[in-house]
Each structure stands twice: as C-alpha cells, then as structure tokens.
Amino acid sequence: RDSTIDFFFDTFINKIVPPRTCSFLEGAGLQLPTYMETVKINDFIECSFSAFTKDTHELVDTTEEKLAKENNMMGDTDKMGPVIVCLGKGQLLKGLDRALPGKEIGKEIFLDISAGDAYGMKDPKLIQLIATRKFTAQGIQPQPGLAVNIDGILGRIRSVSGGRTLVDFNHPLAGRDLTYQLTIKRILKDTKEKAEAHARLLFGGEKHSVQFDGNSLAITLSRELTLKAQEAYTKNIKEAIPEIAAVTFKKITIAKEGKV
C-alpha cells in the first residue's frame, strides 16, 4: 500500500468506521492495522525475562524456572516466576527503564543494554590488594574466584600472590554488555495489587502484610520502624502509587503463651 492508502486507513477506517463495517475490507485481502496496549513511565508491569552476556551469551539472570534449573541457577527452595516492577522508578537496570516505555504488551522483546546502562563500568578503585594474613586469620584460605565479605562489602578474589590477595569489589557484571529477552505480560490496574507488589520490593523476604482500605494503606512488619524510616517509605509508596493518600506502619504483635 502507498502512503495515501495508509493515511486513509489511519484517519477513516480506524477512527470513524466501526470494526464490523470493515469486514468487507478484510475479505478483500486488505490487512487492517492493529494497535496493542503499550507501557509508560510509572506503570506497574508484570514481566518475564532472561539476561545473557552479549559477547559469550552466558545466562546471568532469568525468571524462567526451566531455564534456571538447566543452568544450575536455582536452589531447592527457590521460586521462579514473572516479576512486578514500577517502570521508571529505578527498580530495573537503567537501560531497561529507558528502553521499555512504548513497548507493547505480550510481544517478546530483545534489548541490548550497554555496560554503562547495566551494572556500570569497572572502577579500578574497587580492585584492592589485601594482606593474605587477614583472610587466614579468620580461617579463610583465599583462592581465585572465591566470594568474600569484607566489612559488609561483597567482593571476589582475582588472584593470590605471596602475601597479598587481589580482591575485586565491582559487581560481577560490571563492564559487561547484556542482552535481554523480555516479555511484558500485563499492566497492573488494581491499587491493592500494586501496593502488595511494591511492598514486596521494599521489604524483600521480610515478613509483612498489607491491608488496603479505600485510599489508605496499612503495612504490618516484624520490626519497629523509626519515624524517619516511616516517612521515607511513605514518600516512596505515594510517589509510586499516587492514588494512595495515607500510609501507616505497625509491628506484628505475638501473643504471649497462655494469652490471646
């Protein structure tokens, strides 16, 4: 079809003529354009994905249980499945947050994400020499590839030479370009479902529950939150879900033995 026909389809057929009236055109062998729902910034989306290193096509992350098992990336108690995130809120890699707005629901997407928009470039300052005796004093025999935790910072040993051990504190995927195979399954519409999903992102595996009443959200946790933490969490939640007007937090109370 030439541009004149495309213009006719867009301005007349799709906007003026009801769909059933167009059946004669389909019967004539003309394909009508279809429009799928697309996602935008601040949408809560459910998606499945697999991530590979671009150069070696090594699987580094996935939500697919079968693929995770085939690549020994899943423990006995691990659960795999689609994830729910709020687009544009930093819950995804920078490159994904930039690339996904405008993408269609239900369509498989392939995205190349540069290292700078993924886990960043390697920082030479985060590669440090540490005296080997500091490891052996704690009963650790340093060897290349061993993951270590030093003062709460995770690193990986690159080499051991004499009395010195070279430790890389960069993210293991720093400096690597990635390829994502991703499908956006749906956009969440229900406020309570969005609140539950956001709470899982905020509090991870910590035991918690969510109650939603009207436009008020109540979150129960296993610990007491400081006033400052409550204010920070409340701001985060309201920015992600503007329809929530009030957020309250309380600690789970466990009845003492013999009492209700």
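Quick note: numbers below take in every heavy atom, side chains included, and nothing from hydrogens, waters or symmetry partners. Given the structure is predicted, the values throughout are model-derived calculations rather than measurements. Numbering starts at 1 and runs along the sequence shown.
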Please name the pair of heavy atoms, one in [X] and one in [Y], separated by the smallest distance, quoted to 0.1 Å.
X	Y	value
Pro144	Ser159	CG-CA, 4.3 Å
Asp97	Gly88	OD1-N, 2.9 Å
Ala195	Leu217	CB-CD1, 3.8 Å
Ser50	Glu64	OG-CG, 4.0 Å
Gln141	Leu146	O-CD2, 4.0 Å
Ile187	Glu37	CD1-OE2, 3.6 Å

Consider only side-chain heavy atoms of I, L, V, M, F, W and Y, link residues closer than 4.5 Å, and tell whether [X] and [Y] are in one cluster.
X	Y	result
Ile184	Leu188	no
Met80	Val60	no
Leu96	Ile84	no
Val210	Val83	no
Leu92	Val39	yes

Problem set entry | Leu178 side chain reached by Leu93 side chain, heavy atoms, under 4.5 Å |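 In contact.
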For this session: Answer yes or no: is there a side-chain heavy-atom contact under 4.5 Å between Pro82 and Thr63?
Result: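 Not touching, per the 4.5 Å side-chain cut-off.
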Exercise. Salt-bridged, Lys235 to Glu231, with N to O below 4.0 Å?
Worked result: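 A salt bridge is absent here (no side-chain N lies under 4.0 Å from a carboxylate O).
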Exercise. Charged N to carboxylate O below 4.0 Å: is that the case for Glu196 and Arg200?
Worked result: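 The answer is no: the pair does not qualify as a salt bridge.
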For this session: Answer yes or no: is there a donor N or O on one side and an acceptor on the other, between the side chain of Asp123 and the main chain of Lys125, under 3.5 Å?
Result: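 Yes, the answer is positive, given that a donor and an acceptor are paired below the 3.5 Å cut-off.
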Exercise. Between Asp117 and Ser114, is there a donor-acceptor pair closer than 3.5 Å when you use the side chain of the first and the backbone of the second?
Worked result: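 Here the side-chain-to-backbone pair does not exist.
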Exercise. Which hydrophobic side chains are connected to Leu166, either touching it within the sub-4.5 Å cutoff or through other members that do?
Worked result: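 Hydrophobic cluster check, Leu166: joined to Ile127, Leu129.
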For this session: For side-chain contact (heavy atoms from CB on, under 4.5 Å), just list the numbers for Leu100 and Leu182, CA-CA rounded to whole Å, side-chain angles, deciding distance to a tenth of an Å, and then say yes or no.
Result: CA-CA 10 Å; Leu100 289 181; Leu182 183 147; 3.9 Å; yes
Spacing of [X] atom [atom1] and [Y] atom [atom2] [to the nearest 0.5 Å]:
X	Y	atom1	atom2	answer
Ile113	Lys54	CD1	NZ	10.0 Å
Thr38	Lys107	OG1	NZ	11.0 Å
Ile241	Phe44	CD1	CZ	4.0 Å
Ile237	Cys86	CD1	SG	12.0 Å
His198	Thr191	NE2	OG1	13.0 Å
Phe52	Thr62	CZ	OG1	7.0 Å

For this session: Please identify each residue that fulfils salt bridge (charged side-chain N to carboxylate O under 4.0 Å, His left out) with Glu224, with sequence neighbours left out.
Result: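 Scan of Glu224 (salt bridge (charged side-chain N to carboxylate O under 4.0 Å, His left out), adjacent residues dropped) gives none.
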Exercise. Looking at residues at least two apart in the chain, or sitting in another chain, which of them share a salt bridge (charged side-chain N to carboxylate O under 4.0 Å, His left out) with Lys238?
Worked result: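 Once residues adjacent in sequence are excluded, Lys238 has no partner under the salt bridge (charged side-chain N to carboxylate O under 4.0 Å, His left out) criterion.
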Problem set entry | Flag if over 12 foreign heavy atoms under 6.0 Å of NZ, Lys194 |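 More than 12 within 6.0 Å, yes.
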Exercise. CG of Asp213: more than 12 outside heavy atoms within 6.0 angstrom?
Worked result: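 Atom CG in Asp213 is not crowded, with 12 or fewer foreign heavy atoms closer than 6.0 Å.
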Strictly by ring-ring contact (aromatic ring centres under 6.0 Å, His included), give each pair with a member in [range] just once, sequence neighbours left out.
range	value
residues 141-166	none
residues 129-167	none
residues 213-251	Phe203-Tyr233

Keeping to residues at least two apart or across chains, list the side-chain hydrogen bond (donor to acceptor under 3.5 Å, both in side chains) pairs with something in [range].
range	value
residues 127-140	Thr132-Thr165
residues 168-185	Asp55-Arg176, Glu108-Gln181, Asp112-Thr179, Lys122-Asp168, Asp168-Asn170
residues 202-212	Glu206-Arg223, Ser209-Gln211

For this session: Given side-chain contact (heavy atoms from CB on, under 4.5 Å), test Glu239 with Lys89 step by step and report yes or no.
Result: CA-CA 9 Å; Glu239 286 179 350; Lys89 295 297 183 182; 4.3 Å; yes
For this session: For Phe169, check ring pair (Phe, Tyr, Trp, His ring centres under 6.0 Å) against everything at least two apart and list the hits.
Result: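 Checked Phe169 against ring pair (Phe, Tyr, Trp, His ring centres under 6.0 Å); zero matches.
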For this session: With sequence neighbours excluded, tell me which residues meet side chain to side chain donor-acceptor pair (under 3.5 Å) with Asp190.
Result: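 With neighbours one apart ignored, the set is empty.
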Pair up each side-chain donor or acceptor in residues 150-157 with any protein partner under 3.5 Å, not counting sequence neighbours, and list the distances.
residue : atom : partner : partner atom : Å
Arg156  : NH1  : Gly145  : O            : 2.7

